[in-house]
Protein chains: 2
Amino acid sequence: MATTIKDIAKYTGLSLGTISKYINGGKVREKNRKLIDKAIRELDFKVNEMARGLKTNESKTIGIIIPSMKNYFCTHLMSYTEMYLSKFGYSVIICNYREDPKVEREKINLLMKKQVDGLIVVPSGETISEIQEIILKKIPVVLVDRILPDMQCDAVVVNNFDISKKVVETLVERGHKRIAIICGPKKVSTAKERLNGFLEMHKKYHLEVDEKLIKFGDYYMHSGFMLCKDLLSLENRPSAIFVTNYDMTLGVIQAINEANIKIPSDISVVGFDNLPIFKVIKPSLSIVSQPMKELGDYVAKLVIDRLNDPTIPTKVIKLEAEFIMKDSISTPN
Amino acid sequence: MATTIKDIAKYTGLSLGTISKYINGGKVREKNRKLIDKAIRELDFKVNEMARGLKTNESKTIGIIIPSMKNYFCTHLMSYTEMYLSKFGYSVIICNYREDPKVEREKINLLMKKQVDGLIVVPSGETISEIQEIILKKIPVVLVDRILPDMQCDAVVVNNFDISKKVVETLVERGHKRIAIICGPKKVSTAKERLNGFLEMHKKYHLEVDEKLIKFGDYYMHSGFMLCKDLLSLENRPSAIFVTNYDMTLGVIQAINEANIKIPSDISVVGFDNLPIFKVIKPSLSIVSQPMKELGDYVAKLVIDRLNDPTIPTKVIKLEAEFIMKDSISTPN
DNA sequence: TTAATAAGGTGAAACGTTTCATGTTGCTAT
DNA sequence: ATAGCAACATGAAACGTTTCACCTTATTAA
């Protein structure tokens, strides 16, 4: 059906080898070059990457696995990763596992069957052994945002612990004593680290930790909403809330709006991720901002580096998140 | 390196044909089934989809081309499409062209080289001939959100014209006479249709159309911001603004906030796309809401249907967007 | 027991490339 | 004119599957 290298060979009277050489950047005689170019144009030849991949054992494709395509943090990040990779001739298959480890496992399998040259994962935390096996097969794996215990592979993360300390310290310095935190799922490393920073600062300032003020959500808006409602209905409610991801931050604001409570006069809020939306919310929100482009670029760079030299030692890149103070913080009444 | 069907054949003492038949769901003798299963487990066999695809001339992959991975409307939509397709054994390569028709062309080419079985496109409007060619090659193409002139292919869109009329009519009924519209790029069908609805209602109600109140943006937040600033600085500024996509709506709100103007007392606003964010903005925004899941599902369905029977006549599915009235509309002063 | 038939197994060819050892051409210098 | 060499061309084998015509084994009925 479609034009193949054979058709080009027939059309030009040259051999398969010559055509192949040429389309892979090799040199041919000037008159042959013209002839081949003409044939390619006339017959509308496009190389069959499946056949090529079969032969070369390279798909020039990187698999990307993220929790959800509705997660703007992930898709945003991956848009940079894709851009970087495409400069090096790699394309990308993005799979989302809808927060379901079973689906995550399936997608990992799928990508292996598709012979991806490397794998980028924002893991659920429940597929450690599957990922281990891939690493054993010498396929480059890069973890993003979250790390997995005891896993010997490249990763790009942010300084969750430190930035969380900084946020809490700032609140404490403003006089807050009852600070709530809304974390992600306990399995996820970022959630643990952000919580640990929170606890650390309580220890440093000899503040009592009220377990009721520590909430674990699922990183989605609705859970931010519900958990915030819980917090607001406590008889001794917090004077500040630290929300540790983007979607839950939205949920928290929704809950506060619905309760007719004012930020920051009634309650202080620190959110997460510097996405355009926070320019739109009044009062402007104090947030932890992650360096999206850097994250996305580094992820791609680590894959490419390992593809070029599989023997280099694994690296965990820790980038700096930034705490941006705006108008959503005040001193407690 | 990796385990192949040949290794399984050797391990089990069976022939290639038998193994192939079994992994494709064929019947083998019970004792052979056990033997093959064991071999697959022990040797960790995974079928090489490149080899399979080469032979079967099917990649079981659908290419998806969207303007940007930072466009939440697109990624959100495609998350439904992916879910639907994966139920039918298809996976998905998502390419974004960063709003650049040159990149769009490259990505179309890339996907053809990768032998995708079908193509889903949110087109820039500048690659008509390239898409035509693909259709000629009998590869299923589905257009989403936007249609292209004279293109004989499946598409899923919403009733842009009607919904725009409804919005404008509502504003007119509330007494607005100077209504501004912020459209998308002129090349894009949705922009044209939404504008036409706007004009139609002006005609119906014998309202003068002030060209200064018609703005064309690029569907990004910043252009919404800038165009809104323009509108606000007119000496005879509009009493209502209709913004025709999500990101530009955010920009408009930002501009209005910065100008210290109040919605709806000073100006009425109607936005686009019912994304979670609008639960968070005060006052709650009146919006046009598109049926995301239906859109995404239908797109997938059309591809699958045509894959199953390439001869069926092409369909353009028009789904109903909804106008949700909230608190951002008042009568003009 | 055997013939007939059903059920399952076999292996070579093919898919569209790349690779590489070998063959052929065109130049350059004498 | 020609030897020598660089430059380029050739074509068969291989990559890991599927397919299919044909062969073998098991099952059944008489």
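Every chain is numbered from 1 and lettered A, B, ... according to where its sequence line falls, protein lines coming before strand lines.
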When B:Phe45 and B:Lys31 are each assigned the nearest nucleotide of DNA chain D, the 5'-most assignment goes to B:Phe45

B:Leu54 side chain, from C-beta outward: closest of D:dT17, D:dA9, C:dC15
C:dC15

What is the distance, rounded to the nearest whole Å, between atom NZ of A:Lys113 and atom C1' of D:dT17?
14 Å

B:Lys6 NZ - C:dA12 P separation (whole Å)
12 Å

Between P of D:dT10 and NZ of A:Lys10, the distance in whole Å:
15 Å

Between B:Ser68 and B:Asn96, is any side-chain donor less than 3.5 angstrom from a side-chain acceptor?
no

Without decimals, in angstroms, what is the distance between B:Leu16 CG and C:dA14 P?
16 Å

Just compare D:dA9, C:dT17, C:dG9 and give me whichever is closest to any side-chain atom of A:Asn48.
C:dT17

Does a side chain donor of either A:Thr61 or A:Lys114 reach within less than 3.5 Å of an acceptor in the other side chain?
no

Touch check for A:Thr56, heavy atoms < 4.0 angstrom, all strands: base, sugar-phosphate only, or nothing?
sugar-phosphate

Distance, rounded to the nearest Å, where B:Ile8 contributes CD1 and D:dG16 contributes P
13 Å

Using only heavy-atom distances, determine whether the side chains of B:Tyr72 and B:Asp247 contain a donor-acceptor pair under 3.5 Å.
no

Under 4.0 Å, heavy atoms only, any strand: does B:Asn24 hit a base, just the sugar-phosphate, or nothing?
sugar-phosphate

Please tell me if B:Asn32 has a side-chain N or O lying less than 4.0 Å from either OP1 or OP2 of C:dG8.
no

Would you please say whether a donor-acceptor pair under 3.5 Å links the side chains of B:Thr190 and B:Tyr219?
yes

Value in whole Å for how far the C1' atom of C:dG8 lies from CD1 of B:Ile36:
11 Å

Strictly below 4.0 Å: does B:Ser15 bring a side-chain N or O up to OP1 or OP2 of C:dT10?
yes

Among C:dG16, C:dA14, C:dG26, which nucleotide has an atom closest to any side-chain atom of B:Lys55?
C:dA14

With heavy atoms under 4.0 Å as the rule, sort B:Thr18 into base, sugar-phosphate or nothing.
base

Using a heavy-atom cut-off of under 4.0 Å over every strand shown, decide if B:Thr4 touches base, sugar-phosphate, or nothing.
sugar-phosphate

Could you tell me the separation between the CD1 atom of A:Ile23 and the C1' atom of C:dT19, rounded to a whole number of Å?
13 Å

Using distance alone, with no hydrogens and no angle criterion, decide if B:Tyr220 and B:Glu99 have a side-chain donor and acceptor under 3.5 Å apart.
yes

Touch class at under 4.0 angstrom, heavy-atom based, for B:Asn57 against every strand present
nothing

5' precedence on DNA chain C between B:Lys21 and B:Ala51 (nearest-nucleotide basis)
B:Lys21

Have B:Gln152 and B:Thr314 got a donor and an acceptor in their side chains that come within less than 3.5 Å?
yes

Between P on C:dT10 and CD1 on B:Ile19, what's the gap in Å once rounded to a whole number?
8 Å

From the list C:dG8, D:dT17, D:dA9, which nucleotide is the closest neighbour of the side chain of B:Arg29?
C:dG8

